[in-house]
*Asks:* 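Supplied in structure tokens, the structure appears directly below.
These values consider heavy atoms only, across backbone and side chains, with no hydrogens, waters or symmetry-generated copies.
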Amino acid sequence: MTPPRPRAGTPAGARRKLAAPTVAMLPRIADSLSFLYLDLVRIVQDYTGVCAEINTAQRGTETVYLPTAALSCVLLGPGTSITARALATFARHGTTVVVAGSGGVRCYAASIPESLSTTWLEQQARAWADNRRRLDIATAMYRQRFGDTDMPTDLNLDKLRGMEGQRIKAHYRLLAQQHRIGRFRRNYDPDSWDTQDPVNLALSAANTCLYGIVHAAILALGCSPALGFVHSGNQQAFVYDIADLYKAELTIPLAFSLHSSPEPESEARRSFRDGLRLFKLLPRIVTDVQRLLAPGTDIAAPDLDEQLVDLWDPVVGTVAGGVNYGSGEAS
């Protein structure tokens with residue numbers, strides 16, 4: 001049963017007012033994003049804030065308060081429940097809430113707060129709609145995969161796709177030699193899933209985990225997972241774009257290391273989750289997305305007061321909202 005709402009002027013009412021977010025408390029996307037993963041807890045709202053309740057036989061019920069104003073994204077893993085009041089508080093503080101799989105390696109659903117700035121979504125949409133900028137970003141993605149390799153400046157997208165295909169085949173061949181498994185051929189066939197070799201099974205499982213992490217980071221930035229630059233025509237197009245930046249470094253070597261595993265899928269998921277602590281993938285995704293969408297610029301958030309609402313103008317771009325332009329006074 002929900003407790004009665006505290007009245008103004010009472011100690012409980014004062015604590016509730018103190019916990020209400022202000023504009024200055026909302027997290028800035030330009031700061032290092034804070035991601036919190038929770039599982040096997042109940043998240044509730046009390047009179048002072050949002051807290052996670054953990055029940056154990058040894059210690060009973062323990063309560064940990066969550067720094068809602070400092071969190072940009074909360075990943076809710078298996079065994080987690082959350083009350084409507086707690087979810088509303090996250091929304092008021094501008095925190096993206098993602099329903100994730102174990103270790104945050106899958107993304108099933110997400111709640112994006114209305115206070116989340118559209119800065120990066122607008123950057124993405126403008127670049128995606130401009131063929132020249134879209135080509136530049138797609139080219140930059142391919143070049144990032146090649147690392148420090150020197151490449152001619154006159155390469156087009158078709159040649160880069162061919163070079164990437166050759167690079168991946170060479171990577172497969174090198175790892176197959178290192179693990180002494182003979183010739184390897186990438187194969188993804190859902191209809192014949194159980195007949196595939198351990199490396200293919202592990203690679204498919206690890207890639208699925210990677211897609212979930214990338215999806216969560218893209219949503220936390222406020223971008224659209226559907227507006228891709230290399231991939232197109234799928235609600236996960238941008239997810240595939242960004243995930244491809246890390247496969248050669250993260251999921252492919254992991255899959256080959258499990259070539260003799262009797263349970264390659266489950267081991268791939270567990271190993272991927274454990275490896276994220278060292279790889280620091282979530283902050284890296286955020287940095288790469290921002291750098292690709294706004295190359296050569298200072299990644300700084302606009303003033304929070306200016307983010308609340310603007311009006312579009314075809315000449316000057318944006319003008320301040322909340323103004324009565326008939327009288328020149330604030331409405």
Side-chain angles (χ1 to χ4, degrees), residues 26-35 72-73 75 91 94-98 100 107-145 157 160-161 164 207 210-247 281-304 306-314 316-319 321:
L26 296 178
R28 293 175 180 267
I29 199 72
D31 296 336
S32 56
L33 282 180
S34 297
F35 292 88
S72 291
C73 181
L75 303 168
T95 303
T96 299
V97 179
V98 177
C107 178
Y108 297 110
S111 170
I112 302 177
E114 63 178 15
S115 59
L116 184 63
S117 170
T118 61
T119 299
W120 292 106
L121 176 60
E122 292 174 8
Q123 287 271 11
Q124 180 190 15
R126 290 193 187 101
W128 179 85
D130 184 328
N131 284 341
R132 181 67 257 174
R133 289 189 61 191
R134 183 175 182 179
L135 177 61
D136 289 342
I137 292 176
T139 302
M141 288 179 174
Y142 277 112
R143 289 181 178 275
Q144 180 172 337
R145 299 184 210 174
L157 203 55
L160 285 170
R161 279 194 296 264
E164 172 64 4
N207 283 343
L210 175 61
Y211 296 148
I213 285 286
V214 172
H215 195 163
I218 288 173
L219 290 175
L221 275 169
C223 292
S224 169
L227 299 182
F229 295 85
V230 174
H231 297 85
S232 181
N234 185 282
Q235 288 294 322
Q236 301 288 309
F238 194 44
V239 174
Y240 298 149
D241 283 357
I242 301 301
D244 279 352
L245 301 177
Y246 314 111
K247 288 180 180 178
L281 183 61
L282 281 169
R284 187 169 169 179
I285 293 170
V286 171
T287 300
D288 285 339
V289 170
Q290 292 176 329
R291 181 183 51 77
L292 287 165
L293 296 180
T297 60
D298 182 22
I299 306 299
D303 187 87
L304 286 170
E306 298 176 359
Q307 288 188 34
L308 295 182
V309 62
D310 287 326
L311 303 176
W312 177 75
D313 186 275
V316 299
T318 59
V319 295

*Asks:* Which pair of non-hydrogen atoms, one from Pro225 and one from Leu219, has the smallest distance, and what is that distance?
*Replies:*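 The answer is CG-CD2, 4.0 Å.
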*Asks:* Please enumerate all residues that pass salt bridge (charged side-chain N to carboxylate O under 4.0 Å, His left out) together with Arg134, with sequence neighbours excluded.
*Replies:*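 Salt bridge (charged side-chain N to carboxylate O under 4.0 Å, His left out) check on Arg134 returns nothing, list empty.
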*Asks:* Using 0.5 Å steps for rounding, measure from the CD atom of Gln290 to the CG atom of Leu221.
*Replies:*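 Separation between the atoms: 5.5 Å.
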*Asks:* Rounded to the nearest 0.5 Å, how far apart are CG of Leu282 and CG of Leu75?
*Replies:*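 Rounded to the nearest 0.5 Å, the CG-CG separation comes out at 6.5 Å.
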*Asks:* With side-chain contact (heavy atoms from CB on, under 4.5 Å) as the criterion, how do Leu292 and Ile242 come out once you've worked through the C-alpha distance, each side chain's angles and the decisive distance to 0.1 Å?
*Replies:* CA-CA 10 Å; Leu292 287 165; Ile242 301 301; 4.1 Å; yes
*Asks:* Name all residues meeting the side-chain contact (heavy atoms from CB on, under 4.5 Å) criterion together with Asn207; count only those two or more places apart in sequence or in a different chain, and write none if there are none.
*Replies:*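 For Asn207 the side-chain contact (heavy atoms from CB on, under 4.5 Å) partners, ignoring immediate neighbours, are Arg186, Leu203, Tyr211, Lys247, Thr251.
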*Asks:* Identify the heavy atoms of Ala237 and Ala226 that sit nearest to each other, and give their distance.
*Replies:*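 It is CB-O, 3.5 Å.
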*Asks:* Closest heavy-atom contact between Ile285 and Ala217?
*Replies:*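 Minimum heavy-atom separation between Ile285 and Ala217: CG2-CB, 3.6 Å.
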*Asks:* Taking only residues two or more places apart in sequence, or in another chain, which ones meet Thr139 in a side-chain contact (heavy atoms from CB on, under 4.5 Å)?
*Replies:*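 Applying side-chain contact (heavy atoms from CB on, under 4.5 Å) to Thr139 gives Leu135, Arg143, Leu157, Leu160.
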*Asks:* NE2/His215 to OH/Tyr240 distance, rounded to the nearest 0.5 angstrom?
*Replies:*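 OH of Tyr240 is found 10.0 Å from NE2 of His215.
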*Asks:* Who passes side-chain contact (heavy atoms from CB on, under 4.5 Å) against Arg126, sequence neighbours left out?
*Replies:*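 By the side-chain contact (heavy atoms from CB on, under 4.5 Å) rule, Arg126 matches Glu122, Arg133.
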*Asks:* In chain order, what residues pass the side-chain contact (heavy atoms from CB on, under 4.5 Å) check against Leu121, with sequence neighbours excluded?
*Replies:*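 Partners of Leu121 under the side-chain contact (heavy atoms from CB on, under 4.5 Å) test: Gln124, Ser224.
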*Asks:* Minimum heavy-atom separation for Gly228 to Trp128, with atom names?
*Replies:*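 The pair with the smallest heavy-atom distance is O-CD1, 3.0 Å.
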*Asks:* Assess whether side-chain contact (heavy atoms from CB on, under 4.5 Å) is satisfied between Val286 and Trp120, documenting all intermediate values.
*Replies:* CA-CA 11 Å; Val286 171; Trp120 292 106; over 6 Å; no
*Asks:* Begin from the C-alpha positions of Val230 and Arg161 and carry the test side-chain contact (heavy atoms from CB on, under 4.5 Å) through to its verdict.
*Replies:* CA-CA 10 Å; Val230 174; Arg161 279 194 296 264; 5.9 Å; no
*Asks:* Please report the interatomic distance CG(Asp136) to CG(Asn131), rounded to the nearest 0.5 Å.
*Replies:*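 These two atoms lie 11.0 Å from each other.
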*Asks:* By side-chain hydrogen bond (donor to acceptor under 3.5 Å, both in side chains), which residues pair with Gln123, not counting sequence neighbours?
*Replies:*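 Checked Gln123 against side-chain hydrogen bond (donor to acceptor under 3.5 Å, both in side chains); zero matches.
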*Asks:* What are the two closest non-hydrogen atoms of Gln236 and Asn234, and how far apart are they?
*Replies:*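 Here Gln236 and Asn234 meet closest at N-OD1, 2.7 Å.
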*Asks:* Does Gln144, at its CD atom, have more than 12 non-hydrogen atoms belonging to other residues, nucleotides or ligands within less than 6.0 Å?
*Replies:*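 Count over threshold, so yes.
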*Asks:* Using the side-chain contact (heavy atoms from CB on, under 4.5 Å) rule, take Met141 and Asp244 through it: C-alpha gap first, then chi angles, then the decisive distance, then the call.
*Replies:* CA-CA 9 Å; Met141 288 179 174; Asp244 279 352; over 6 Å; no
